[in-house]
Amino acid sequence: MPTIITPKPMSGFPELLPAEQIVFNRCLDTVRRTFELFGFAPLETPAVERKEVLTSKGGNEKEIYALSRLAARPDEDASTEYALHFDLTVPLARYVAQHKEKLVFPFRRYQIQKVWRGERPQAGRYRELYQCDIDVIGRGSVSLLADAEMPVVIYHVFTAMGVGPFVVRLSNRRLIQGFFESLGLSPEQITAALHAVDDLEKIGVDKVRALLVDKAGLSPDSAARALAFIASSEHMGTEALLGHLASLNLNERFNQGVAELCSVVQNMRSLGMPDNAFKVDLSIVRGLDYYTGTVYETRLLEHPDLGSVCSGGRYDDLASYFTTEKLPGVGISIGLSRLVLRLLEAGVLKPNAATPTQVLVTTLDPSRLREYLGIAASLRAHGLPTEVYLEQARIGDQLKYASRKGIRFAVIAGETEFAQGQVKVKDLSSGFEHVLQPDQLPAWVKEQR
RNA sequence: GUGCCUUUAGCUCAAUGGCAGAGCGCCUGACUGUGGCUCAGGAGGUUGUGGGUUCGAGACCCAUAAGGCACCCCA
């Protein structure tokens, strides 16, 4: 008796049943199709990078999975110089720096791949997950119009995916930096203050106030003014808010941030972004210091606990670790695994079939196999995913098979039908049966939808 | 890496320290050319693992593993 290895789930490495996987893949398709609709080109980089590439940004090495061989001779090292990528931005930076003479700029690419993170899994945090990124990267500069495109792409993705109501919240780091500058803060203080503001939603106003005073060194008065400034975006409409910001005229940096924000909002609207799908929110700063201008976060209104399901922003220099050439850009990223798995749990996205098969050709009479296979071939030739029931079983079991898998149509043909040169097709969702000429079958099935 | 909680049938969960159960799912039949619905029946368990206390442990104690949650982190 061989030793049985008990199969068990691996925490943080999600896997799905077919019905759910179909939903997930449909979402992947939607993302891909929409990215291409906006002219982003596909890119896939290896699952691994050299360790030195991955740690170039001073990343958290604890959370990087390194690649090693399971066994090595005593005199050799089983470890390799490779490690699994933990996001798609670092690989992109390496890729663009490496291939920049062959790429056409502005470089618009999308990338949909798994990434791996060595963190302790918890709700909505996985160790293996899909990221879907788009970026527009320039040599020297990139139009601010690209900043306006990002939320519009996301709007199209989420709308097509059917995730329910959502809002892309956006702000501008230059603006908020300018504001803190006007309070007399040093660059270091500003960085600390931005990190504090980033935590606003998570830890609440009072704790952020304390952070601003203790960590960023603001006076209680300045902290109060900062929080009031940020809160001002909460209840103001977009127009009123932008007008208000423009009237403040705090300093050059602030004014530039305001002007950028106004331009982005205006161009988003021209691109068809409806007002209820976005909101200017000054509490959005992103924790990452490499964002320099526009920043985005997206949340689902009916699932606020999910946090941001899609975020990004503008950066001055993508690949400073890999080239001296300045490559600014703007990008946004969807954490698809967290999003889709959660929406499946919540019932927002519903699986409805465990197979792509739309028509099952039953094999009522094994001696008619040639006819059955022919019917299937004809359905497939018309683009209808079709399966033939291959085992020997009673018709009841064959229909049960179709029913359990969520196959909608069953073709049933036996002595009676063949005698008339016809076939019967049954709609399992309604129980309705229809008898017709075999050559009419594909068209009939297509009509039913 | 730290803390808290959990672990009983495929799944969700019951069971005063005293016969291990239910619902759902699965299988069979009612139904030899018709799935779902209904009805009848059936299979399925070393109660995560190892030790201890006890006449007796699924329950109490210790250890351990796995899972969940929070912290940390989130490029």
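- Ring geometry for A/Trp444 against A/Phe432 counts as parallel: the plane angle stays under 30°, on a 0 to 90° scale with 60° as the upper cut.
- Of the two residues near RNA chain B, A/Ser430 and A/Arg117, the one whose nearest nucleotide lies more 5' is A/Ser430.
- Ring pair A/Phe418/A/Tyr372 is tilted by interplanar angle, where 30° to 60° counts as tilted.
- Residue A/Gly396 is classed as a sugar-phosphate contact, given heavy-atom separations below 4.0 Å to backbone atoms only.
- To the nearest whole angstrom, the two P atoms, one in B/G58 and one in B/C19, are 10 Å apart.
- Relative orientation of the A/Tyr315 and A/Tyr290 rings is parallel, given thresholds of 30° and 60° on the angle between their planes.
- Taking the six-membered ring where tryptophan is involved, the planes of A/Phe158 and A/Phe166 are perpendicular, since the angle between them exceeds 60° and thus also 30°.
- Rounded to the nearest Å, the gap between the P atom of B/G29 and that of B/G35 is 12 Å.
- Straight-line distance from the CG atom of A/Asp397 to the P atom of B/G29: 8 Å, rounded to whole Å.
- As rounded to whole Å, 14 Å separates atom P of B/C11 from atom CD of A/Glu20.
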Subject >> Chi angles and distances behind the side-chain hydrogen bond (donor to acceptor under 3.5 Å, both in side chains) call for A/Glu181, A/Gln177 >> reply: CA-CA 6 Å; A/Glu181 222 171 71; A/Gln177 283 167 341; over 6 Å; no

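- If you take atom C1' in B/A15 and the same atom in B/A9, they sit 14 Å apart, rounded to whole Å.
- The gap from the P atom of B/A20 to that of B/C4 amounts to 34 Å, rounded to the nearest Å.
- Looking at heavy-atom distances under 4.0 Å, A/Glu417 makes contact with a base.
- In this structure, A/Ser233 contributes its side chain and A/Ile230 its backbone to a donor-acceptor pair below 3.5 Å.
- The CD-P distance, from A/Gln392 to B/U32, rounds to 16 Å in whole Å.
- Put simply, A/Arg404 has no side-chain N or O that comes within less than 4.0 Å of OP1 or OP2 on B/G25.
- Nucleic acid contact for A/Glu415: base, since at least one base atom lies under 4.0 Å from a heavy atom of the residue.
- The OH-P distance, from A/Tyr389 to B/U34, rounds to 15 Å in whole Å.
- Taking only side-chain atoms of A/Ile412, from C-beta outward, the nucleotide of B/G35, B/U34, B/C74 with the closest atom is B/U34.
- Rounded to whole Å, the distance from CD on A/Glu433 to C1' on B/G36 is 14 Å.
- Taking atom C1' on both B/U28 and B/A14, the two are 28 Å apart, rounded to the nearest angstrom.
- Across B/G18 and B/G1, the matching C1' atoms stand 45 Å from one another, rounded to whole Å.
- Base engagement by A/Thr416 is indicated by at least one non-hydrogen atom pair under 4.0 Å involving a base atom.
- Here A/Tyr401 lies out of heavy-atom contact (under 4.0 Å) with every strand.
- Between the C1' atoms of B/G44 and B/U54, the separation comes to 32 Å (whole Å).
- Regarding A/Lys424, its NZ atom lies at a distance of 9 Å from the P atom of B/U34, rounded to whole Å.
- Across the interface with RNA chain B, nearest-nucleotide mapping of A/Phe432 and A/Tyr291 shows A/Phe432 to be the residue nearer the 5′ end.
- Across the protein-nucleic acid pair, A/Arg127 atom CZ and B/C73 atom P stand 19 Å apart, rounded to whole Å.
- As rounded to whole Å, 13 Å separates atom C1' of B/A30 from atom NZ of A/Lys400.
- Close to B/U28, at under 4.0 Å from its OP1 or OP2, lies no side-chain N or O of A/Arg394.
- Residue contacts shown for A/Thr363 are absent, as no nucleic acid heavy atom lies under 4.0 Å away.
- One P atom belongs to B/G10, the other to B/C5, and the distance between them is 28 Å to the nearest Å.
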